[in-house]
Amino acid sequence: MTTGRIHSYETFGAVDGPGIRFIVFLQGCPLRCLYCHNPDSWNGADGTEATVDEIVEKVMAYKGFYKNGGGVTFSGGEPMLQHEFVYEVIRALKERGIHTAIDTSGIVPLDLCKKTVDAADMLLLDIKSLDAELSRRITGSEVCLQREKELLDYCEEQGKRVWIRHVVVPGLTMDEDKLRALAHFLSGYKCIERIEPLPFHKLGEHKWEEGCYQLSDTPAPTKEEMDKVDAILKKV
């Protein structure tokens, strides 16, 4: 029996894909993003074990709320670390007519998770930065940017629906030149339906081990700053 490790659930998500979403947060992530608000999801051995049937049962208990484009979003952590499990859940949900989305950093090699990408109705792809050094600084990974691009290229080839997410951090990614470069880069993809700039916040700071959080002195962007970011990215 296929099982997965689960961090948590959210029953009425309104920001992780279209409509009302049931969010499955999977356990485990190879990245160490500076602004991560779920560092307790990093260790893949933590969390609780669940079967495909258990996930499906939880989802279907709220099926009346998925009308008008809602459904299930797999997030994390990095859900593609458990791509086989996610694939099996998606397959079971498809049999029940439930829309599925995967919120991913793209860090898992495409050749490992392609089947799961194909099975999902859409992806929410988190692009950290187009600047390779800044991407490495944010994520701790040398290959995150490369794999984000590979996944986006594959979605373009397959006509897979994509929403792009980009965390806006003063002093890191809240830079007009970098934002314009991102907008220009993304403008070449027909598969992208929406670009969502997400304002940096520190709501998960208390989950970090003492002394490890590096952004304590970084302010959240103001509404005016986010409006400006939004205007730049909407030019795509």
Side-chain angles (χ1 to χ4, degrees), residues 7-21 23-27 29-42 73-79 101-107 123-141 144-145 148 162-186 192-236:
H7 173 269
S8 57
Y9 304 95
E10 183 178 339
T11 52
F12 294 100
V15 295
D16 295 290
I20 301 299
R21 316 293 297 182
I23 318 298
V24 182
F25 295 94
L26 287 105
Q27 190 72 27
C29 185
L31 302 181
R32 295 297 180 262
C33 295
L34 296 178
Y35 44 69
C36 180
H37 56 270
N38 280 328
D40 52 336
S41 71
W42 290 348
T73 298
F74 299 90
S75 188
E78 171 48 65
I102 300 175
D103 181 7
T104 179
S105 66
I107 187 60
L123 295 189
L124 312 179
L125 177 59
D126 303 312
I127 292 186
K128 314 300 183 182
S129 175
L130 288 185
D131 182 299
E133 175 54 30
L134 182 54
S135 177
R136 185 205 61 75
R137 180 182 170 194
I138 291 171
T139 65
S141 168
C144 188
L145 176 58
E148 288 167 353
V162 176
W163 287 10
I164 297 293
R165 314 183 99 183
H166 182 65
V167 180
V168 180
V169 188
L172 288 176
T173 59
M174 197 173 72
D175 176 285
E176 288 192 28
D177 289 339
K178 287 184 172 62
L179 289 165
R180 289 194 184 96
L182 178 62
H184 178 72
F185 171 73
L186 297 176
I192 297 173
E193 293 185 351
R194 180 182 297 189
I195 301 172
E196 295 186 310
L198 305 177
F200 163 71
H201 64 74
K202 292 182 279 191
L203 297 179
E205 181 177 0
H206 66 282
K207 298 181 183 181
W208 286 68
E209 292 183 14
E210 187 174 354
C212 292
Y213 192 70
Q214 298 180 36
L215 301 179
S216 294
D217 296 328
T218 301
T222 65
K223 182 183 183 303
E224 291 73 20
E225 288 171 332
M226 288 304 299
D227 286 345
K228 191 171 185 178
V229 169
D230 196 46
I232 292 172
L233 294 179
K234 275 187 174 176
K235 291 181 180 179
V236 175

Trainee: If every non-hydrogen atom of Ala183 is compared with every non-hydrogen atom of Ile232, which pair is closest and at what distance?
Mentor: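 The pair with the smallest heavy-atom distance is CB-O, 3.8 Å.
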Trainee: What's the shortest heavy-atom distance between Asn38 and Gly76, and which atoms?
Mentor: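 Shortest heavy-atom separation between Asn38 and Gly76 comes out as ND2-O, 3.9 Å.
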Trainee: Quick one: does Asp175's side chain have a donor or acceptor within less than 3.5 Å of a partner on Lys178's backbone?
Mentor: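 Yes, because the side chain of Asp175 sits within donor-acceptor range (under 3.5 Å) of the backbone of Lys178.
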Trainee: Would you check if Val168 and Pro199 make a side-chain contact, meaning some heavy-atom pair closer than 4.5 Å?
Mentor: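 No, side chains not in contact.
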Trainee: Could you list the residues that satisfy salt bridge (charged side-chain N to carboxylate O under 4.0 Å, His left out) with Lys207, not counting sequence neighbours?
Mentor: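 Result, salt bridge (charged side-chain N to carboxylate O under 4.0 Å, His left out) vs Lys207: Asp40.
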Trainee: Less than 4.5 Å apart, side chain to side chain, heavy atoms only: is that true for Pro221 and Val229?
Mentor: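 SC-SC contact between Pro221 and Val229 ruled out.
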Trainee: Distance from Glu196 atom CD to Ile164 atom CD1, nearest 0.5 Å?
Mentor: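 Atom-to-atom, Glu196:CD and Ile164:CD1 are 10.0 Å apart.
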Trainee: Hey, are the side chains of Asp103 and Arg165 touching, using non-hydrogen atoms and a 4.5 Å cut-off?
Mentor: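 Asp103 reaches Arg165 side chain to side chain.
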Trainee: Roughly how far, to the nearest 0.5 Å, is the OG1 atom of Thr139 from the CD atom of Glu148?
Mentor: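 OG1 of Thr139 is found 8.0 Å from CD of Glu148.
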Trainee: To the nearest 0.5 angstrom, please state how far the OG1 atom of Thr73 sits from the CG atom of Leu123.
Mentor: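 Thr73 OG1 to Leu123 CG: 10.5 Å, rounded to 0.5 Å.
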Trainee: Within the supplied structure, the quantity of interest is the number of heavy atoms (other residues, nucleotides, ligands) at a distance under 6.0 Å from Arg137 CZ; does it exceed 12?
Mentor: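 Count not over threshold, so no.
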Trainee: Is there side-chain contact between Tyr213 and Pro39, with heavy atoms separated by less than 4.5 Å?
Mentor: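 No, too far: nothing below the 4.5 Å cut-off.
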Trainee: NZ/Lys223 to NZ/Lys228 distance, rounded to the nearest 0.5 angstrom?
Mentor: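 Spacing of NZ (Lys223) from NZ (Lys228) equals 14.5 Å.
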Trainee: Should the pair Arg180-Glu176 be classified as a salt bridge under the 4.0 Å nitrogen-to-oxygen rule?
Mentor: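 A salt bridge is present here (some side-chain N lies under 4.0 Å from a carboxylate O).
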Trainee: Just do the side-chain contact (heavy atoms from CB on, under 4.5 Å) check on Glu10 and Val15 with the steps written out, would you?
Mentor: CA-CA 11 Å; Glu10 183 178 339; Val15 295; 6.0 Å; no
Trainee: To the nearest 0.5 Å, how far apart are CZ in Phe200 and CE in Met174?
Mentor: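 It comes to 11.0 Å.
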Trainee: Measuring only between side-chain heavy atoms, which start at C-beta, is Thr218 closer than 4.5 Å to Leu34?
Mentor: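 The answer is no; the side chains never approach within 4.5 Å.
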Trainee: Quick one: do Thr104 and Glu78 satisfy side-chain hydrogen bond (donor to acceptor under 3.5 Å, both in side chains)? Show the steps, please.
Mentor: CA-CA 6 Å; Thr104 179; Glu78 171 48 65; 2.9 Å; yes
Trainee: Which heavy-atom pair separates Arg21 from Asp16 by the least distance, and what is that distance?
Mentor: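 Where Arg21 meets Asp16 most closely, the heavy atoms are CG-O, 3.6 Å.
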Trainee: So which atom in Gly77 and which in Pro79 form the shortest heavy-atom distance, rounded to 0.1 Å?
Mentor: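 Closest approach of Gly77 to Pro79: O-CD, 3.7 Å.
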Trainee: Between Ile23 and Tyr9, is there a side-chain heavy-atom distance shorter than 4.5 Å?
Mentor: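 No, too far: nothing below the 4.5 Å cut-off.
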Trainee: Taking all heavy atoms of Ala220 and all of Pro170, pick out the closest pair and write down the distance.
Mentor: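 Minimum heavy-atom separation between Ala220 and Pro170: C-CG, 4.4 Å.
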Trainee: Once rounded to the nearest 0.5 Å, what's the spacing between atom CG of Leu182 and atom CG of Asp177?
Mentor: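 Rounded to the nearest 0.5 Å, the CG-CG separation comes to 12.5 Å.
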Trainee: Only distances under 3.5 Å count here; give the side-chain donor-acceptor pairs of residues 124-131 to other protein atoms, sequence neighbours excluded, each with its distance to 0.1 Å.
Mentor:
unit_1: Ser129; atom_1: OG; unit_2: Asp131; atom_2: N; d: 3.1
unit_1: Asp131; atom_1: OD1; unit_2: Glu133; atom_2: N; d: 3.0
unit_1: Asp131; atom_1: OD1; unit_2: Leu134; atom_2: N; d: 2.9

Trainee: Could you give me the CA-CA distance, side-chain angles and deciding distance for His37 and Leu203, then say whether side-chain contact (heavy atoms from CB on, under 4.5 Å) is met?
Mentor: CA-CA 7 Å; His37 56 270; Leu203 297 179; 5.5 Å; no
